[in-house]
Amino acid sequence: MVFRKLPGVSASGMGLRLSQKFVFLLFLSGLVTLCFGALFFLPDSVRLKRIFLSKTEIQPVTVGSGSENDVREHVKRPKDQGMTSAKGDAGTRLKSQSRKPPVSYEATEERLAGGKAQEDLNFSRSKTESASEKATSSDHGAHSDTFSYKKFERCLLKPPLGRNNGKPDDPQTNERREKVKEMMKFAWDNYKLYAWGKNELRPLTRNGHIGNMFGGLRGASIVDSLDTLYIMGLMDEYNDAKEWVKTSLDLNSNGEASLFEVNIRYVGGLLSAYYLTGEELFKNKAVELGEKLLPAFNTPTGIPRGVINLGSGTSWSWGWASAGSSILAEFGTLHLEFVHLTELSSNPIYTEKVMNIRKLLNKIEKPHGLYPNFLSPVSGNWVQHHVSIGGLGDSFYEYLIKSYLMSDKMDDDAKKMYYSALEAIEANLVQKSPGGLTYMAEWRGGILDHKMGHLACFSGGMIGIGADDGAPEKRQHYLDLAAEITNTCHESYTRSATKLGPEAFRFDSGAEATATRLSDRYYILRPEVIESYMYMWRLTHDPKYREWGWEAVQALEQHCRVESGFSGIRDVYTTSVSHDNMQQSFFLSETLKYLYLLFSDDDLLSLEDWVFNTEAHPLPIIRRSCLQDEATQEKTVSK
Ligand code: DMJ
């Protein structure tokens with residue numbers, strides 16, 4: 001067959017037969033399809049993928065610059081992941097694969113009408129039922145009656161503020177408590193004066209800090225402080241805070257927020273404020289905000305992504321997180337707040353979301369029984385075998401035991417998962433230093449890194465509160481372990497010149513509870529060590545914990561108090577301190593609250609009635625059977 005040459009077209013390109021052209025075109029289109037298909041198999045961090053697959057999950061977000069400080073903890077990058085990719089990604093910000101609208105109440109009502117969710121979630125059985133009849137984990141959080149504050153109050157064993165607002169009889173303890181209250185007032189007054197409505201105070205430059213952890217949300221220090229101000233009886237300050245929430249807390253923001261941080265600080269803060277005061281305003285805001293977090297769960301596995309635009313519902317994984325993964329300490333630290341959102345809204349969706357996370361984690365194979373820090377929200381598989389009780393892992397473990405306690409000890413799955421995780425931690429991570437200090441090392445694919453972060457110091461308190469519900473033969477052992485870890489963390493404070501602890505301390509190359517790297521020497525007003533003192537005091541009443549707390553108060557006053565607030569310091573090993581110019585919102589929410597509780601009687605926010613979320617916001621134990629009885633009684637009376 002002879003083909004006429006097209007004018008102007010060279011023979012080299014077009015001097016082919018039709019059949020040859022056809023085969024060539026076929027080959028070419030096959031190649032293009034193959035290349036395009038291959039994009040799906042590339043790791044999310046590959047730029048090409050982000051350019052071509054504009055609707056897949058992505059990671060923009062600049063990490064580490066937010067509350068410069070706190071982002072660091074959950075955001076510590078694994079060594080193989082640089083910040084560069086996160087920054088590079090910012091220019092090619094793309095949207096989440098699934099952009100379904102947030103789940104609406106109407107949809108939920110439909111489901112409720114169908115009865116299915118309600119059946120699944122009904123958690124109204126009495127504690128006296130046999131173990132086999134006990135509610136399963138899928139039962140938690142929902143109830144057949146709408147929430148009533150009166151019923152809730154009647155089911156508390158003690159008044160939230162105790163007999164006498166927790167005022168201790170002992171004059172010295174009371175003086176110390178008053179000192180902590182003065183510190184809170186000082187921190188608050190300066191925030192109010194220089195940074196009102198911003199997220200945090202910069203005490204040296206006397207201005208506000210916004211950061212990038214909360215999207216467009218503002219007033220993090222206000223929402224984080226509501227309950228602390230209230231329990232301390234700082235009522236003018238509390239009223240100012242409440243008024244601000246009423247008139248200025250705008251939830252219709254558009255920025256990129258950390259799901260975790262918004263949940264623990266804002267949702268947690270609002271929930272606590274509601275449970276303490278009964279002010280509907282806080283409940284409504286908490287539920288409204290909770291609803292805005294739901295689109296982050298629209299992933300193939302239901303494991304939420306770490307970053308969400310609260311306005312559009314678009315969500316991403318952190319750019320620095322290995323292969324678009326989600327972080328254990330982030331998606332594992334939603335349970336307490338979400339169960340309460342269901343409780344208050346009668347909408348089972350929140351509990352469903354966190355129960356789904358729970359189920360996946362329960363089922364998945366765990367290396368040596370341990371939970372690695374990174375999980376793909378797409379495949380549901382672990383992405384790296386890095387395990388830590390400090391940053392990236394920490395509060396996941398905390399929320400297991402607290403879920404069990406908050407369910408009035410009905411959530412058996414949480415209990416089982418917590419104690420088996422603790423066994424794996426003991427078998428693989430707990431170490432004794434040559435000097436006899438017990439510490440939690442980190443684990444990288446079987447290799448131990450003999451380092452403990454300040455963040456990991458919360459574990460003294462966690463193991464302490466869980467001790468009593470462990471196997472009978474283990475109870476004393478757990479309490480001893482909690483005391484040993486708390487002691488090690490105290491050592492990390494006493495071995496520094498300022499008597500404040502570094503961000504991370506090591507147990508190798510001759511080090512014993514001291515930081516060996518310059519970059520680990522800072523202290524940013526973190527609460528974890530004091531948190532463990534508070535729990536250990538409540539559990540043992542050993543006076544040393546109050547003494548250790550007082551040492552911390554003095555050190556904070558001496559080195560962190562500046563003219564206009566409190567500031568973190570860059571090096572705990574020198575007394576000529578350099579301040580970091582940041583008064584963290586968790587200083588008001590956690591550090592000062594735990595100190596105040598340490599010097600108060602045990603009936604101020606009694607552990608019989610309350611669990612603290614990871615930002616120290618108290619949430620009540622859900623006494624399902626009591627609530628049910630109260631509801632039945634109310635019905636009978638009204639007949
Ligand atoms: C707080 O925001 C919470 O305690 C969180 O779980 C860990 N980091 C800070 C305080 O250090």
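Order of listing sets the numbers, starting from 1, for every ligand and every atom in it. Excluded from the calculations below are hydrogen atoms, water molecules and symmetry mates; all remaining heavy atoms, backbone and side chain alike, are included.
Remark: aromatic rings of W537 and W548 are distant, center separation not under 6.0 Å. For F458 and Y594, the ring centers are positioned 6.0 Å apart or more. Residues F214 and Y266 bring their aromatic ring centres within 6.0 Å.
Judged by the shortest distance from any of its heavy atoms, I264 lies inside the 4.0 Å radius around the atoms of ligand 1.
Taking a cut-off of under 4.0 Å to the non-hydrogen atoms of T614, the atoms of ligand 1 that pass are 3 (C), 4 (O), 5 (C), 6 (O). For ligand 1 and R526, the ligand atoms under 4.0 Å from any heavy atom of the residue are 8 (N), 10 (C), 11 (O). Contact atoms of ligand 1 toward L455: 7 (C), 8 (N), 11 (O) (distance under 4.0 Å to a heavy atom of the residue). Listed by number with element, the atoms of ligand 1 under 4.0 Å from a non-hydrogen atom of E590 are 1 (C), 2 (O), 3 (C), 4 (O), 9 (C), 10 (C).
Between R526 and E590 there is no salt bridge, since no side-chain N of the basic residue sits under 4.0 Å from a carboxylate O of the acidic one.
Listed for the D449 side chain is no donor-acceptor partner under 3.5 Å among the backbone atoms of E442.
Remark: the E528 side chain and the H454 side chain contain an N/O donor-acceptor pair separated by less than 3.5 Å.
Contact annotation for R265 and ligand 1: only side-chain heavy atoms (C-beta onward) come within less than 4.0 Å of the ligand. Proximity of E528 to ligand 1, defined as any heavy-atom pair under 4.0 Å, is confined to the side chain (atoms from C-beta onward). Under 4.0 Å from ligand 1, the heavy atoms of P527 that appear belong solely to its side chain. Contact annotation for I524 and ligand 1: no heavy atom of the residue comes within less than 4.0 Å of the ligand.
For the pair R561 and F186, the cation-pi criterion (under 6.0 Å, within 45° of the ring axis) is fulfilled.
Between E261 and ligand 1, no pair of N/O atoms sits closer than 3.5 Å.
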